[in-house]
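Single-structure report; data block below.
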Amino acid sequence: MKNLEIAALFNEIADLLEIKGESTFRVNAYRRAARSLENLAEDVEAVADRGELDQIPGIGKSLAEKISEYLRTGKITYHQELLRELPHGITTLMRVPGLGPKTAVLLYERLGITTLDQLERAAREGRLRDLPRMGKKTEENILRGIEQVRRQSTRLPLGAVLPLAQEVVAALRKAKGVGEVSVAGSLRRMRDTIGDVDVLATAKVPEPVMEAFVTHPLVAQVLSRGTTRSSVVLRNGVQADLRVVEPASFGAALQYFTGSKDHNVKLRERAVRMGLKVNEYGVFRVEDDRRVGGRTEEEVYAAVRLPWIPPELREDQGEIEAAERGKLPRLVTREDIRGDLHMHTKWSDGQATAEEMARAARQLGYEYVCITDHSQSLKFAGGVSVEDLREHVREVRRLSERLEGITVLIGSEVDILADGSLDYPDDVLRELDVVIASVHSRFRMDTRAMTDRILRAMRNPYVTMIGHPTGRLLGQRDPYSVDVERLVAGARETGTVLELNAQPDRLDLKDAHVRLAKEHGVQVAIGTDAHSPAELRFMEFGVGTARRGWLEPQDVVNTLPLNKLLSRLRRKRRG
DNA sequence: GCCGTTTTCGGCCCGACTGTTTTCAGTCG
C-alpha cells in the first residue's frame, strides 16, 4: 500500500512550493490531494490499475500522472527537481511550530540555516534577533518548538485523549458565567487519533472561563492567551485550544471548529454560491451583512439548505452530497447496541470473572454478552485448553440460567495459526455460540500469504467473525500486511462477520475499511475486547468509528435482539 | 492544481493571535 508514501511526497512538494512562494491554491491542491490519499480506503495501486485515479477527490490529470509515475518508478521527477532547486533540508525547519515558509526562507538566505541543529545554535547564540520582525521572544519560542519537534509529539489514540478532554470540559462547566461547553475538532468527529484538543464555550464575559482553562491542573504550559482564544499544552503533551464565543454564535462556532477542514471549505463554498458568508460567528448575507443564523448547528446547515450532518461524517467523503439528496444514513448509536460479543476473563488474560463481566454488562443495559477467552496456543495470554474450555461452556450456561436480565453466551477468541487452520478442532468450536478468529502470531508474512491465511479461517463454517482484522496498534505497531478488499470479498462470500474492535489503540477495522465493508454488504460486530469491567465502556469508541464508517443499525450484528442474533450466527453453519 | 445546478476559465474559506511593528506580516487552525 503506497497511499501514505505518496501522500507524504505530496505534502513535501506543498512545503517546497510554499518556500518557493508559489500560489497558495496550488500548494493547497497538493495538500488536499495528500489528505485524500491518507483517507482512501483502497490501495491506490488498485485504483490506478482501473485507470480511475482522477476519480479520487482532489486529484486531476496532473496529480494522477505523478501518482502513476511513483507507482512505476518509485519517485516523482517533479519532486526531485524541486529538491535540487532548493537547499536540502529546508522543509524540516517548517516542522517547528510557528515557523512557516517565509521564515524558513529568511533563515536560509540571511544565516544559511537548513537544519534544526543550526537553527538551535543560532537561537542560543542570539543571532536570530537581528533578523527583521524577530526578537528575543521569537528565539525562545523557536527553541521550545525545536524541543517539541524532537519529542516527536505525534497524534495520540482517541482513548488517550478523550478522558483528559472530558476532565477539562467538566472543570470549565464550573467556571463563573459559563454557558455551553463542548469539545469540537477531531475529538468530536471521533477520529481514531487526535492531534490536539479543541474546546468551545459560551460566556458573556470570557475572562473567568479563560482563567479556569489556563490554570487547570492538567495544563503544563500556556502557549497563548487572548480574550476569545487560548492555547495550552496538557501534561500528556497534547495541545489544547479553548475558544469562548457569544451564546448567539455557539452553533456557528461549534460547526466551524468541529471541521473537518475539507468539509468546512465545501460548506462555505456552497454558502458563497448562495450569496452567504459562513464564519465562526454566524451565517451572513453578503449583500447587506445581515445575520441569518448561527445559534445552533442546525441553523447553520439550514441556512445553506442542508439537514444537520453528524460530526463523524464531516470529512468531505460524500456527506454533503448525501445530505443534499436527503440520503444521509441513520447512524448507529450506543443505544442501538444490545450486547458485547468480545471480552476476556480470568480464564485467560482478563482481570475479572465471567460473572463480574456479565453483571457489569447488565449495568450498561445490554441484553447479552459473550465470553471469549484466548485459545490454547496463546500461552502468554493464558490460552484455554480444550478440557478447560468444555468446563467453561458448562459454567457459562449455568451462569446464564442464574443471572436475571442478561444472557451470557460462550465463545472463544481462537488463534488463526500460520497456515490458516484454527487453534481448536471443529468439534470443540461447534459447542460455542461465537467464534472470533484472530491473528496473534507470525505478523510478518507477505500480503498474499497473510490474506490467504485469514481467508482460509473464514471458510471454516464455525468461524463467526474475524477479530481485529488488520492487527494494528495505534502508535505502536503497523497493521500486518493484508489485502482488506479480499478480506471483505471473502467475508461476503462466506457470510463471515468482520469485527470492529473497540479497544482505543486498535479501532480495527478502521473507519474507511468499515465503510468498505458496508458498501460490499458485509456486516460488522462492534466488540470491546474488554479485559476488565471498566473496558466495556470502550464501546463508545467502537460506535464512533462505526459512525465514521457510515454504519446504520442493520449493518451491526450486535444491534440484533438475542433470538435474531443467534439465528444470524447459525446461518453460516447451516451453509 | 482542481473543479463546475453560475463556470472548461477564473475562481479557490476566514479570522485570531503573536511579536514585532507604529499598521502589519506570518502562522495557525
Side-chain angles (χ1 to χ4, degrees), chain A residues 10 13-15 17-19 21-36 53-67 78 93-107 128-142 144-145 184-186 195-200 206 210 222-231 239-245 249 252-253 255-284 286 300 304-305 316 321 324-325:
Chain A
F10 281 180
I13 292 176
D15 286 347
L17 291 175
E18 239 181 342
I19 287 170
E22 280 274 356
S23 142
T24 52
F25 302 116
R26 233 181 124 212
V27 172
N28 283 335
Y30 276 95
R31 294 212 201 284
R32 180 168 142 67
R35 280 198 300 275
S36 201
L53 283 176
D54 60 1
Q55 308 281 303
I56 300 172
I59 294 188
K61 193 158 170 284
S62 168
L63 292 186
E65 265 169 30
K66 291 186 174 70
I67 293 173
Y78 183 55
L93 298 181
M94 288 170 65
R95 283 163 52 211
V96 177
L99 206 163
K102 295 287 196 298
T103 316
V105 169
L106 184 73
L107 290 168
L128 300 184
R129 65 188 71 171
D130 303 332
L131 298 174
R133 307 194 73 87
M134 285 215 182
K136 197 157 177 297
K137 219 148 186 179
T138 317
E139 277 176 355
E140 286 165 14
N141 285 340
I142 283 177
R144 255 205 304 277
S186 55
D196 56 22
V197 175
D198 287 296
V199 183
L200 187 68
M210 280 298 171
V222 179
L223 294 174
S224 72
R225 177 180 181 161
T227 51
T228 67
R229 175 176 148 191
S230 295
S231 294
Q239 184 173 330
D241 296 338
L242 171 67
R243 273 95 170 178
V244 183
V245 299
S249 298
Q255 196 289 319
Y256 183 83
F257 292 117
T258 296
S260 68
K261 188 181 179 69
D262 290 332
H263 174 90
N264 283 0
V265 167
K266 192 163 262 189
L267 197 76
R268 276 183 256 165
E269 281 171 359
R270 180 182 172 87
V272 168
R273 285 199 300 274
M274 295 174 162
L276 299 169
K277 181 179 76 171
V278 178
N279 61 27
E280 61 261 55
Y281 301 109
V283 184
F284 302 87
V286 170
V300 175
V304 292
R305 294 204 282 279
D316 189 23
E321 294 77 2
E324 218 163 35
R325 297 195 310 271

- prompt: Which is true for A:Val27 with a 4.0 Å heavy-atom rule: it touches a base, it touches only sugar-phosphate, or it touches nothing?
  reply: nothing

Sugar-phosphate only, base, or nothing, as touched by A:Asn141 at under 4.0 Å among non-hydrogen atoms: sugar-phosphate

- prompt: Tell me, for nucleotides 21-29 of chain B in 5' to 3' order, what letter each nucleotide earns: B for a base near a protein heavy atom under 4.0 Å, S for only sugar-phosphate near one, - for neither?
  reply: ---BSSSSB

task: Go through A:Ile19 and A:Met94 one step at a time and tell me if the side-chain contact (heavy atoms from CB on, under 4.5 Å) criterion holds.
output: CA-CA 10 Å; A:Ile19 287 170; A:Met94 288 170 65; 3.7 Å; yes

query: Counting any heavy atom closer than 4.0 Å, what does A:Lys266 reach on the DNA or RNA strands: base, sugar-phosphate only, or nothing?
result: nothing

message: Over all strands shown, is A:Asn264 touching base, sugar-phosphate only, or nothing at heavy-atom distances under 4.0 angstrom?
response: nothing

message: Rounding to an integer number of angstrom, what distance separates B:dG1 and B:dT8 when you compare their C1' atoms?
response: 14 Å

- request: Tell me, please, which residues at least two apart from A:Lys61 pass side-chain contact (heavy atoms from CB on, under 4.5 Å).
  value: A:Glu65

message: Can you build the contact string for nucleotides 1-10 of chain B? Use B for base contact, S for sugar-phosphate-only contact, and - for no protein heavy atom under 4.0 Å.
response: BSS--B----

query: Are A:Lys136 and A:Glu140 ion-paired here, with the side-chain N under 4.0 Å from a carboxylate O?
result: yes

query: With a 4.5 Å heavy-atom cut-off, do A:Met134 and A:Thr103 have their side chains touching?
result: yes

query: If you measure from the Lys or Arg side-chain nitrogens to the Asp or Glu carboxylate oxygens, is any gap between A:Arg243 and A:Asp198 under 4.0 Å?
result: yes

task: Ignoring backbone atoms, test whether A:Thr138 places a side-chain nitrogen or oxygen under 4.0 Å from the OP1 or OP2 oxygen of B:dT18.
output: no

statement: Every stem of 3 or more Watson-Crick or G-U pairs under 3.5 Å that DNA chain B joins, in order of first number, is B:1-4 with B:9-12, B:14-19 with B:24-29

- request: Using the closest heavy atom to pick a nucleotide of DNA chain B for each, name whichever of A:Asn28 or A:Gly135 lands nearer the 5' end.
  value: A:Asn28

Same-atom distance (C1') from B:dT20 to B:dA25, integer angstrom: 9 Å

query: Looking only at atom types and distance, does a side-chain atom of A:Ser36 sit under 3.5 Å from a main-chain N or O of A:Pro57, one as donor and one as acceptor?
result: yes

- prompt: Are A:Glu324 and A:Arg270 close enough for a salt bridge, meaning some N to O gap below 4.0 Å?
  reply: yes

field: Distance, nearest 0.5 Å, that separates CG of A:Asp15 from CZ of A:Phe10
entry: 14.0 Å

field: Test item: A:Glu139 side-chain N/O and A:Leu128 main-chain N/O as donor-acceptor pair under 3.5 Å
entry: yes

field: Partner residues of A:Gln255 under the side-chain hydrogen bond (donor to acceptor under 3.5 Å, both in side chains) criterion, sequence neighbours left out
entry: A:Asn264, A:Tyr301

- prompt: A:Glu18 pairs by salt bridge (charged side-chain N to carboxylate O under 4.0 Å, His left out) with which of A:Arg31, A:Lys102, A:Arg26?
  reply: A:Arg31

message: Rounded to whole Å, how long is the line connecting atom CD of A:Gln255 with atom P of B:dC14?
response: 13 Å

field: Separation between the C1' atoms of B:dC17 and B:dT21, rounded to whole Å
entry: 15 Å

query: Between B:dT18 atom P and A:Leu223 atom CG, what is the distance in whole Å?
result: 10 Å

message: Classify A:Ser36 by what it touches in the nucleic acid, base, sugar-phosphate, or nothing, heavy-atom distance under 4.0 Å.
response: nothing

message: Using the P atom as the point on both nucleotides, what is the distance between B:dT7 and B:dC12, in whole Å?
response: 16 Å

- prompt: By side-chain contact (heavy atoms from CB on, under 4.5 Å), which residues pair with A:Thr228, not counting sequence neighbours?
  reply: none

message: With rounding to the closest Å, how many angstrom separate the C1' atoms on B:dT18 and B:dG11?
response: 31 Å

